[in-house]
Visitor: 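Sharing a structure with you now.
Below, chain A is the first sequence line, B the second, and so on; all start at residue 1.
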There are 2 protein chains.
Amino acid sequence: MPSSNTISHEIAYALRDEILRQRYQSGDRFPSERDLAARFDASRGAVREALSQLEQLGLIRTQPGGARVQSLNAASLAILGPLLELDGHPDPLLVDQFLQTFGVLAALTAKSAVNAASPEQLIQLKKLVVDLKDQANDYEGMQPPWRELLEAMSAISDNLVVRLISNDLKAQFVGQMLKLGFRPDLKKGSRDRLVTTLRVSLNEQDGERASQAMQDHFEEFREAVGEAIRFKADKPSNRVVN
Amino acid sequence: MPSSNTISHEIAYALRDEILRQRYQSGDRFPSERDLAARFDASRGAVREALSQLEQLGLIRTQPGGARVQSLNAASLAILGPLLELDGHPDPLLVDQFLQTFGVLAALTAKSAVNAASPEQLIQLKKLVVDLKDQANDYEGMQPPWRELLEAMSAISDNLVVRLISNDLKAQFVGQMLKLGFRPDLKKGSRDRLVTTLRVSLNEQDGERASQAMQDHFEEFREAVGEAIRFKADKPSNRVVN
DNA sequence: AGGACCAAATTGGTCAGACCAAATATAGGG
DNA sequence: CCCTATATTTGGTCTGACCAATTTGGTCCT
């Protein structure tokens, strides 16, 4: 999987990969644009555009006189996806951390949404929860209503910060997860409990409870995903469905 | 405050500003590179580098045939800073959302850190909490030990996802807050309560409690900041300290 | 009139070669 | 050995050109 269609993106991809693989120490001089142009047999303009992307990612810092490599964890959130993709299969620890993080953000969203919802919005949310309960026989069928619910809550809570973070996270992870095509097995009681608790929280407009429900649900989801990944690790039959 | 030293950055700044101010509808055609080059009296290369940055920010999507403007909340986290800077003073709602978000992430970090800490690391954390208590007479003096504590917890919890998000958030917000130079008044009991609860959670290695302490503390901090901003709004004497 | 199809203009992607200013490396003098 | 002046490297920008993909506009057929 090289990367994109344009040369500059390909160069950026290759260089990003090298930096992510720690082939340069933080603070090291980065090869000069002219050298890179020669190495990739491309024009300096194309190289410059690639470097511009790396700079946006916070991986390098350019300056007249030379570019330097920056510390990895001073980088931007946008490197998470590439980082996952590095060795073809996602790092289980990283996936776990992602779900943990996404969980607290979803919980916060639920809390704000339930607390701030207007009567009509409460009705809307209740309806979505019912949808979730009805369609929730298999993992695939559960996804659309689940996503709808999250989306509705996100819209109601109207927290741009969380939304932007979630955008990035989803863009980075969800694609990877789908590409590997694994379906975590959620324990049966988990979803019922979520639905029930969400309903109560909506009826009483109790954001705190909704938050807790989300948190618990993501916790169980995390465990299920962890198992699924371990399973994958045993049987490395990663088929790309596309 | 124009922006940077290079022309391409200046162009990127100007265009980013226009998009953030909603001067284009999502899906609109973006001016062609040649037009932009003429408008900014720059070379097309410089314009291309600027557009490359906008693309990384998720603000536009380029394609042979023409670039198009993307939806604002499909953008990257990195637009938060510019968004805050738009009118010289930060949007109180956005600041509130930031603190709320940062709060839950800090709480998650505290939980993981306390739960995962080795005996030595527990001792280290306890020491930092003591520092926090000692040096905590004024807002300024409190900052270094506070930051140290957060940093230590972040290092122990070792959650790259949270770390990257926090990097971005801090890079975007902290600068702005300092630039405006306001000091929220934390209620006196708040810090003591935080210190006390953190100590207990460390002694019993109770991550859940540490998380709750963080959450509560950020909640109070949020209110204090909210007041400070309202105060600023009344007396708009925004002096840039630099 | 409406829709399918084809040619021309527009646009992004890339290349080559050149110049400048800032930063670095090098050599020379104290 | 340190400090300074010079030469070189390097990033930032410009000009002008070519290609391929997309858009656009018009034409033709139904």
Visitor: Atom CZ of B:R61 to atom P of C:dG12: distance rounded to whole Å?
Guide: 13 Å
Visitor: Nearest whole angstrom, please: distance from the P of C:dT10 to the CG of B:D35.
Guide: 11 Å
Visitor: Starting the side chain at C-beta, find the nucleotide from D:dA21, D:dT24, D:dG11 nearest to B:R29.
Guide: D:dT24
Visitor: Which residues in residues 41-57 of chain B have at least one heavy atom lying under 4.0 Å from any atom of DNA chain D?
Guide: B:D41, B:A42, B:S43, B:R44, B:A46
Visitor: Please tell me which of the listed nucleotides, C:dG13, D:dT24, C:dT14, lies nearest to the side chain of A:S8?
Guide: C:dT14
Visitor: For A:T62 and D:dG12, is the shortest distance between a side-chain N/O and OP1 or OP2 below 4.0 Å?
Guide: yes
Visitor: Given side chains that start at C-beta, do those of A:I19 and A:F30 come closer than 4.5 Å, heavy atoms only?
Guide: yes
Visitor: Take the protein atom NE2 of A:H9 and the nucleotide atom C1' of C:dG13, then report the distance between them rounded to whole Å.
Guide: 11 Å
Visitor: Parallel, tilted or perpendicular: which describes the rings of A:F102 and A:F98, with under 30° parallel and over 60° perpendicular?
Guide: tilted
Visitor: Take atom CD of A:E33 and atom C1' of C:dA18, then tell me their distance rounded to the nearest Å.
Guide: 15 Å
Visitor: Would the distance check show the side chain of B:S52 and the main-chain N or O of B:R48 forming a donor-acceptor pair, the cut-off being under 3.5 Å?
Guide: no
Visitor: Choose from C:dC15, D:dG11, C:dG12 the nucleotide whose nearest atom is closest to any side-chain atom of A:I7.
Guide: C:dC15
Visitor: Figure out the CZ/C1' separation between A:F30 and D:dT9, and round it to whole Å.
Guide: 17 Å
Visitor: For B:R34 and C:dG12, give me the distance from atom CZ to atom P, rounded to whole Å.
Guide: 7 Å
Visitor: How close or far is atom P of C:dG12 from atom CZ of B:R68, stated in whole angstroms?
Guide: 11 Å
Visitor: Strictly below 4.0 Å, N to O, side chains only: are B:D17 and B:R21 in salt-bridge contact?
Guide: yes
Visitor: Nearest-Å distance, CD (A:Q63) to P (C:dA25)?
Guide: 12 Å
Visitor: Tell me whether B:S154 contacts the main-chain N or O of B:L150 through its side chain, where contact means a donor paired with an acceptor under 3.5 Å.
Guide: no
Visitor: Is any side-chain heavy atom of A:L20 less than 4.5 Å from a side-chain heavy atom of A:P82?
Guide: yes
Visitor: Apply side chain to side chain contact (heavy atoms under 4.5 Å, CB included) to A:D158 and list each qualifying residue two or more places apart in sequence or on a separate chain.
Guide: none
